[in-house]
Amino acid sequence: MTSTASPPVASGSPGTGPVSTSGSDGVDVAGITASNSSLRRFLHGLPGVDQVGAEARAATLSTRSIKTTAKAWAIDLAISMIDLTTLEGQDTPGKVRALCAKALRPDPSDPTTPRVAAICVYPDMVPIAVEALRGSQVHVASVATAFPSGRASLDVKLADTRDAVAAGADEIDMVIDRGAFLSGRYLEVFDEIVAVKRACGSAHLKVILETGELVTYDNVRRASWLAMLAGGDFIKTSTGKIQPAATLPVTLVMLEAVRDWRTATGRQVGVKPAGGIKTTKDAVKILVLVNETVGDDWLDPDWFRLGASSLLNDLLMQRTKLTTGRYSGPDYFTLD
Amino acid sequence: MSDRIDVRKTYKLYVGGKFPRSESGRSYEVTDRKGHFLANAAMGSRKDARDAVVAARSAFPGWSTATAYNRGQVLYRVAELLEGRRSQFVDEVAAGEGLTTRKAEAAVDEAIDRWVWYAGWSDKIAQVHGSTNPVAGPYFDFSVPEPTGVVAVVAPQDSSLLGLVSVLAPVVVTGNVAVVLASEERPLPAVTLSEVLATSDVPGGVVNVLTGRTTEVAPWLASHMDVNAIDLAGAPADAVTELQVAAADNLKRVVRPEATDWARTPGPQRMLAFLETKTVWHPIGV
Amino acid sequence: MAVAEMGSKKFDYAPAPESRAIVDIQPSYGLFIGGQWVDPTDGHAFKTISPSSEEVLAEVSEAGPGDVDRAVKAARKAYDTVWSKLPARERGKYLFRIARILQERARELAVLESLDNGKPIRESRDVDVPLVAAWFFHYAGWADKLDHAGFGSSPKPLGVAGQVIPWNFPLLMLAWKVAPALACGNTVVLKPAETTPLTALLFAEICQQADLPPGVVNIVTGAGDTGRSLVEHPGIDKVAFTGSTEVGKMIARSTAGTGKKVTLELGGKAANIVFDDAPVDQAVEGIVNGIFFNQGHVCCAGSRLLVQESAFDEVLESLKRRLSTLRLGDPLDKNTDIGAINSLEQLTRIRELSEVGESEGAARWTVACELPDKGFWFPPTVFTGVSQAHRIAREEIFGPVLSVLTFRTPQEAVEKANNTPYGLSAGVWTDKGSRILWMADKLRAGVVWANTFNRFDPTSPFGGYKESGYGREGGRHGLEAYLDV
């Protein structure tokens, strides 16, 4: 079975729910999730990840030298992939409006600058963002399910999700229950994702694994597959609230997971690294990873996002250097 | 025309990569062998010792897990900087120990070469003192040397640079971290050495240097429960037993003082004294 | 020069050339004898070219028997009058100086190596040159610690070492030879390979910068004849050779009865063994690294992939997919993964053996890519359906050609892996620790890599069993070759 590229799905409707194909080449979701022990056997039967090898591969890929035209292309793509984020206790409508203005016009002095993919906020800020972004193509993503810890009852987490959806969010970034995952209650984690997906309605669901708490790459691979079995549209590395967040090797392992998932089921799932992506160099390294692990089909904001806030200004500075030939400074870019 | 007034140096403690004064605010006079004033040195207190141990402990994970190659590189660079400061060291050693310039130069050159000698051990000690063990069963069995942790060092009283280097280098090359109590009457080369360390790539806290009264500070290091080993090279003869008794409270590894010709190239003993041996078993089977 | 792209690309990496300006190649070079640059006595010269463009880089002297004699005499004089009398710690400090200068001139050395050898700058910059410096650092530290090396107290050097090195890792092989030799107190006459002399000649300059006493290191450039003169010279005490098994045997014969101590590091046909529980993505990286790193010009290359039959489909599919992202082209482009084949001679051999592979019935698969018109190039190639009886499973191709065989049980893997006159290296990929150790125990190879491949370190002894040679380079073990023990 070869990995032929499926055409990218139109924005806003990236794929259907859990694929339950049976047979030797498909993935029998119903069979696998019939019990916690069968799910556990499946997840633990996935190939292991050698830490040293994975980190070495990520390190080699980050020596790629991306210059001139390639760099310009990558910068513009990276900008268009950003989920511009504010997730602070001190967020206010004013702050969210300012961020939305930035999303629509990242560089007031250069109208050729692409827009970002989405704004990402807490559920109670969604109405502000929806209003500010009305009529644009910029998505409104909301965190939900008692972000960032996920420590609340399922009912509370579903209510959190429904609120965000009702307020107009078209993307939901949920967190998995890491406590359940680490204590081996995989079916519980699965069921929660399925329930949240249902509560999303037509909104698309990103599943945050919080890889920094999962610690091992084996766990990251297993959690990725678990999220995809449960119907997630995107898998996301982190909440950005703890370190380590989106490291290159973790992103690599997740890209391998979505690649293998598509080979096994035909369904394409997106990837979003979030947290700790601060510089253009970081962003370009990530895009190289995408390019050489999963290729063209994921080099698109429908299938790959960057969860970041301060990254945008560094991308704009680098973009300006490429167009003007001079190094720029922070005074020339807006702080929102 | 009057002679130019020189800018005199202040001699402070070296703790956690920085140069604080003693928290006690005290200092004491350092003189040359003829009794002439050389400098005021910080008089380290038990609290300074306590702070130094904290700094050392927090530097231990990073230093002990650096590759042997990396530690060797860092220490070799220290030797480059020592070489650069040669004349300053010669002056301080000559004045403090009452040596002729030629004898002081010989001591300093030997100290620099001693440091290079130890730097070269970094990636060799495991091969010379580790092993695979041919146990009578289907197991792969190997022993590796590992650093013990925070090592307190009471530096030799007389040999203020060569002796100091000979007790400090073996501690750090093996991945341990050090709290050094310099020679009480000849502390200046130790402080200049800390300046070298501060401008090298040795991370802050890996080496901490205290100056002060040996009999006042040494007991606090000997009894400290977060110090894993102690080298009593510079401990006064009548204090050694007491210090060893204090060290027994957490079973510190102890290096007892003995008459040493610091000019002679040593063996590996001072490195081995601060290395634990970890033996690992793993089955061999399909 | 363009870099051949494989597969469709949205993300087109623009050219990212490392500048050649950093290296100053002379139009011609003499021989480095007795600390000086001297002309050869019989005046012959040859050219060294860049195999990626066929451009002439420089003219290099060919050392005749008279020149080799001069070099050996210079080495002997330096040994007798200076080097053997120097306190060990001072020898060490010379080596530390050399190590430092190698680090300072690292970029220059990497660019020169890529130009002369054809290997990608990423490899010469990130692998070769750092290891070269590390090798000198490691052995610098041994010079005054030989008492502790386990060879008795005060072990003595042998005297003058004649050293002949190959073209695949020119400067690294020089480091593997020169560093331990000097650390132990010997002086050397070294002959680099005829297609890759330039970094050795730059090394001679570095010896001068370090004020190394004249005659301690001598570099005589030339081809097979020069090597023979050196190896057969009665004035040397030690022969160290890295190269083909065929020449290694010739050396073993010609040094028989002479009392010269000999170490040989020869060819290999390593088995890279992948079990069905291997971490697949890392195993695929290991396979790729094993045979395509350095264009497969590696004695310890994992040129036979032994994959457990139950994992065959998955591993091959992953492997082919992975190979499609390899970038072949200009060695000085920082994004190049596969550089040029070192010479037309080597390219011809690779092509011939690949034809043989096809004619013997193996299935050939090559990554689709456009090869540059000038220079020597061979795209990564995989043969499946290979069995032990095929020539491509037995003979060292020394190029980017992988032969794939299958096995069912660990015992069978071991049998097939060991079923070769060679015994340099092997790879084992599995998640199970006890199996790694069991395999390592049973494999008749001097280096076993488990869940990794092609890793080198100055502390880690390297060398072969059987016809892959004898002697070890690296670590404490590597001292033995240069001591009278």
Side-chain angles (χ1 to χ4, degrees), chain A residues 1-5 8 24-25 44-74 77-78 217-218 221 249 252-253 255-257 259-260 263-264 284 287-300 322, chain C residues 3 5-18 120-123 125-127 274-289 293 311 313-318 320-322 324-327 332-337 429-432 449-455:
Chain A
M1 184 172 188
T2 54
S3 47
T4 45
S24 55
D25 284 346
H44 286 230
L46 293 168
V49 183
D50 183 83
Q51 175 195 357
V52 173
E55 290 174 0
R57 174 69 177 144
T60 303
L61 283 171
S62 66
T63 66
R64 291 298 194 210
S65 177
I66 309 300
K67 302 286 180 213
T68 64
T69 52
K71 186 170 178 181
W73 185 87
L77 182 64
Y217 297 119
D218 288 343
R221 171 161 290 173
L252 174 66
V253 171
L255 287 165
E256 288 167 351
R259 175 199 67 196
D260 295 342
T263 302
V284 171
L287 292 179
V288 166
L289 221 55
V290 176
N291 188 39
E292 299 201 32
T293 310
V294 287
D296 286 356
D297 291 346
W298 273 263
L299 286 171
D300 183 306
L322 284 180
Chain C
V3 174
E5 306 261 15
M6 301 175 195
S8 81
K9 284 291 167 245
K10 260 183 188 174
F11 193 176
D12 171 18
Y13 300 165
E18 181 69 54
I121 185 72
R122 191 192 67 223
E123 285 174 5
R125 177 196 71 201
D126 293 348
V127 180
V274 177
F275 285 92
D276 60 9
D277 70 334
V280 175
D281 292 304
Q282 289 74 49
V284 165
E285 279 314 302
I287 295 167
V288 169
N289 186 263
F293 164 68
D313 289 336
E314 187 187 359
V315 171
L316 261 295
E317 186 195 321
S318 282
K320 289 179 180 174
R321 178 183 55 212
R322 170 65 179 93
S324 69
T325 60
L326 286 175
R327 304 169 60 83
L332 284 188
D333 191 298
K334 292 179 233 182
N335 295 321
T336 293
D337 300 315
W429 297 84
T430 170
D431 231 11
K432 196 168 185 193
W449 283 298
N451 290 338
T452 189
F453 209 92
N454 275 342
R455 302 230 53 100

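Per chain, numbering begins at 1; letters A, B, ... match sequence-line order. What you see is a predicted model; the values in this text were computed from it and never measured.
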Tell me, for [X] versus chain C, whether the close heavy atoms (under 4.5 Å) come from the side chain, the backbone, both or neither.
X      : result
A/L46  : neither
A/V52  : neither
A/D260 : side chain

Heavy atoms only, distances under 4.5 angstrom: which of [options] has the most pairs with chain A? Name it, please.
options                : value
C/D313, C/N451, C/D126 : C/N451
C/P279, C/A278, C/A16  : C/P279
C/T452, C/D281, C/D431 : C/D281

Test item: side-chain donor near acceptor, [X] and [Y], under 3.5 Å:
X      : Y      : answer
C/R321 : C/S324 : no
C/Y13  : C/D333 : no
C/T430 : C/D277 : yes

Exercise. Taking A/W73 for its side chain and C/D12 for its backbone only, find out whether a donor-acceptor pair lies under 3.5 Å.
Key: no
Quiz item: Under a 4.5 Å heavy-atom cutoff, which of A/K67, A/R57, A/E292 has the most pairs with chain C?
Solution: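 Most heavy-atom pairs under 4.5 Å with chain C: A/R57.
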Quiz item: With respect to chain C, which residue among A/V290, A/T60, A/I66, A/T68 yields the maximal number of heavy-atom pairs within a distance under 4.5 Å?
Solution: A/I66
Practice problem: Quick one: pull up CG in A/D50 and CG in A/D218 and give me the separation to the nearest 0.5 Å. | Solution: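 Between atom CG of A/D50 and atom CG of A/D218 there are 9.0 Å.
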Exercise. Could you go through the salt bridge (charged side-chain N to carboxylate O under 4.0 Å, His left out) check for C/D337 and A/R64 one step at a time?
Key: CA-CA 10 Å; C/D337 300 315; A/R64 291 298 194 210; 2.8 Å; yes
